[in-house]
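Here is the structure we will look at, set down as structure tokens.
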Amino acid sequence: MLGDFRRELASLFEQRVRELYDLGHIAIVEIPPRRDLGDLALPGALQLARELKRNPREIGEEIAADFPRPDWVSEIKVQGAGFLNVYLDRGRVAAGILSAPLLDAGDRDEKIIVEHTNINPNKAAHIGHLRNAVLGDVLARVLRSLGHQVEVQNYIDDTGVQLADVIVGFLDLRGLSAAEIAALDEPFDFYCWDLYSEVGRWYEEDDARLGYRRQTLRELEHDEGERAEIGHLVAQRIVKRHLETMARLGISYDLLTHESAILGREFFTRAFEQLRERQAIRREEQGKNAGCWVMPLAESEEFAGLEDPDKVIVRSDGTATYVGKDIAYQMWKFGLLGRDFGYRLWEETGLWQTVADDGAEHPPFGTADRVINVIDARQSYLQKVVRVGLERLGFDTQAERSIHFAYEMVSLSTAAARQLGFLTEDDDDEAGGLEMSGRKGIGVKADDLLDQLVDKSREEILARNRELAGPQLEELAVEISTAALRFFMAKATTTRVIAFDFDEALNFEGESGPYLLYSLVRVGNIWRRLAEEGLEAEITPDQVAALPAELWQDDLWDLVYAVAQTGGRVRAAGETLELSLVARHALDLAQKLNALYHKHPILQESDEQMRAVRLATTHVFAAGMRTLCDLLGLPTPERM
RNA sequence: GCGCCGGUAGCUCAAUGGAUAGAGCACCAGACUUCGGAUCUGGCGGUUCGGGGUUCGAGUCCCUGCCGGCGCGCCA
């Protein structure tokens, strides 16, 4: 709705400029910073001032005189230096919000693959992984709401060093058999968390032990022997735990892509043929990369200044590097490889996984128009190499549509690091906190944090003397904790490092998930009480449109207008990949609602029309807030 | 050395190139015989890291310097 208004105003303005000055002009339509400056603003006169060598205010007045007035406009004024400020018909906008969905999906049917989570299957998920998964999940929801077809993939590196190290831990450090490993109690991922960091220390004691790692990697790569078998077992159990952790937050996937399947289906062999044919890679005969196949990067401007301008794609022992495999995988995602995975269901749920053999009957996967990889910013360099790889193969459009959704990492605040014993009181404050490290066992496990959030939620519910107990209490506590965590991760700008702090994450006041939920619960309470009093809790768009214009006081309108901007905000979030826009907009709505709540009581209002306009505002708010909660994946309990 | 990201209130952070730079936390003072106080109102708090430039207009764009984080492997 608002988008249409803006487009129409722009074209009317351009027409006026053409009539008056015979100039081609591209009109900008802005939302003014303050309410008294109108609802939409055109700063065109300021831009024209120079060209026409005239006072901008004068130009503004001239354009405003005889400016055509669409019926959704209530007033047009020239203000400030010459801004053309447009005031909307408030009731009409409110009624519009109640009569149509806030997000119009459009008719694009582009298929987008979103890859996220991607946790190494060798230890418990930590809070850094939660940032990735929440961003990926919200992104998928936003893209779907914009009408795209989205396939969510979670990449499992089940042949890499990290998994190998835990296998070494089980076999060579602990001396456990496969049966004993299978019999270990849950939480298995917690057990591995400790084992993994122990293996790191064990290697340091004696370099020769790294031989176990090499042997394990070899067996994993060829999928043969006891170590590979244990690798499957460990990866299976860990992935299961990761999926459970993510399910606690309402995060799910369409497909688990196993690196073992990429190897087993010889994806890289196929990619390698193409890379060689197109001369994107060359074999190095001498120097430090002798015997390797490398991709020369020197000629690309974006790699200017690299110490070593060549990226190794195939090692001297003939195996593919991570980047090599990733290029092959990326080609498959676009349907450029001419080869496919086998697929099988993951433990009989609706989730599929790739397998090396031919698998079972399955729905189609891959072959997307656009690929978005949610991977932290530390991997920007490698993601860039993957994209260049596609370019060198001649797939320019696909390279362009290979998007690295880069977000900054999560570190531990100094306070959190001290609480967990990773820093002592004597350690100096480290700027930006302490970096998490799975290898060193430094971090906050996702499930531990979620448990704390559930405890805190339960405590808060009980403090409000609700007669709630048993499963209902637990369900609500889980919903509130989910909202707290998801909102905490979603509100952060992606380009900023999060210094994780317990006090901040566990705070349910102010800018928090529970604050959002509470605002919706409040309007629900109003409606319920109205019904109890025998008053009307519903209102139709026609009734809203018929309300006298002067009833739409400024503060009510502020909220209505904010809701009207929801569609534009969500579109901007999807286009710029700055998902915090969605979270911040939700926060804005909640703050406005809560302010009104105290100022404009509904139940005690005796004037029927006054009550109706306030009631209409609550419905407009709920429409906006529910939409945003869905996008953010926040549950919306009726009471809390 | 080169590249990417940050530097805004005591702290954590907002601000599609636009009008008087805003929130939350913390601190202080308040909120009607209240639709639930997980709330609200007010107060305190700013040389937007420094220096140039572009622009009618710069926290925002360009150049430069400084500070912090992260990358730049035959690891992933």
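Bear in mind the structure is a predicted one, so any value in this text is a computation, not a measurement. In what follows, every heavy atom counts, from backbone to side chain, and hydrogens, waters and symmetry copies are set aside. Below, read A as the first sequence line, B as the second, and so on, with proteins coming before strands; counting in each chain starts at 1.
- Annotation: B:G50 and B:C66 have their C1' atoms spaced 7 Å apart (nearest Å).
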Query raised in the report: What string of B, S and - do you get for nucleotides 22-35 of chain B, 5' to 3', when a contact is any protein heavy atom under 4.0 Å?
Result: -BSS--------SB

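- The P atoms of B:G46 and B:A21 are separated by 13 Å, rounded to the nearest whole Å.
- In this structure, A:Asp376 does not pair ionically with A:Arg131, as no charged nitrogen and carboxylate oxygen lie closer than 4.0 Å.
- Where A:Ile480 and A:Gln79 each meet RNA chain B at their nearest nucleotide, the meeting point lying more 5' is that of A:Gln79.
- Residue A:Arg496 places at least one side-chain N or O closer than 4.0 Å to OP1 or OP2 of B:G7.
- Look at B:G6: its Watson-Crick or wobble partner, with both distances under 3.5 angstrom, is B:C67.
- Side-chain atoms of A:Asn525 and A:Arg522 include no donor-acceptor pair closer than 3.5 Å.
- Checked by distance alone, A:Thr321 brings no side-chain donor or acceptor within 3.5 Å of a matching partner on the base of B:C74.
- Distance from the side chain of A:Glu435 is smallest to B:G71 among B:G71, B:A19, B:A76.
- In this structure, the CG atom of A:Leu220 is 13 Å from the P atom of B:A76, given to the nearest Å.
- A:Asn507 is linked by a side chain to side chain contact (heavy atoms under 4.5 Å, CB included) to A:Glu509, counting only residues two or more places apart in sequence or in another chain.
- B:U60 and B:G53 have their P atoms separated by 14 Å, with the value rounded to a whole Å.
- Place A:Gly160 and A:Asn85 on RNA chain B by their nearest nucleotides, and A:Asn85 ends up nearer the 5' end.
- With no hydrogens or angles considered, a side-chain donor-acceptor pair links A:Thr494 and A:Glu578 at under 3.5 Å.
- Relative ring orientation between A:Trp527 and A:His619 is described as parallel, the plane-to-plane angle staying below 30° on a 0-90° scale split at 30° and 60°.
- Nucleotide B:G1 has B:C72 as its partner under the Watson-Crick or G-U criteria, with both atom distances under 3.5 Å.
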Every protein N/O within reach of nucleotides 54-58 of chain B N/O, cut-off under 3.5 Å:
| unit_1 | atom_1 | unit_2 | atom_2 | d |
| --- | --- | --- | --- | --- |
| B:C56 | OP1 | A:Arg50 | NE | 2.8 |
| B:C56 | OP1 | A:Arg50 | NH1 | 2.8 |
| B:C56 | OP2 | A:Arg50 | NH1 | 3.2 |

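- The closest side-chain donor-acceptor pair between A:Tyr515 and A:Asn594 falls under 3.5 angstrom.
- Taking the six-membered ring where the residue is Trp, A:Tyr329 and A:Tyr155 present parallel rings, their angle staying beneath 30° rather than reaching 60°.
- Contact annotation for A:Tyr322: base contact, defined as any heavy-atom pair under 4.0 Å involving a base atom.
- Rounded to whole Å, the distance from CZ on A:Arg584 to P on B:U16 is 11 Å.
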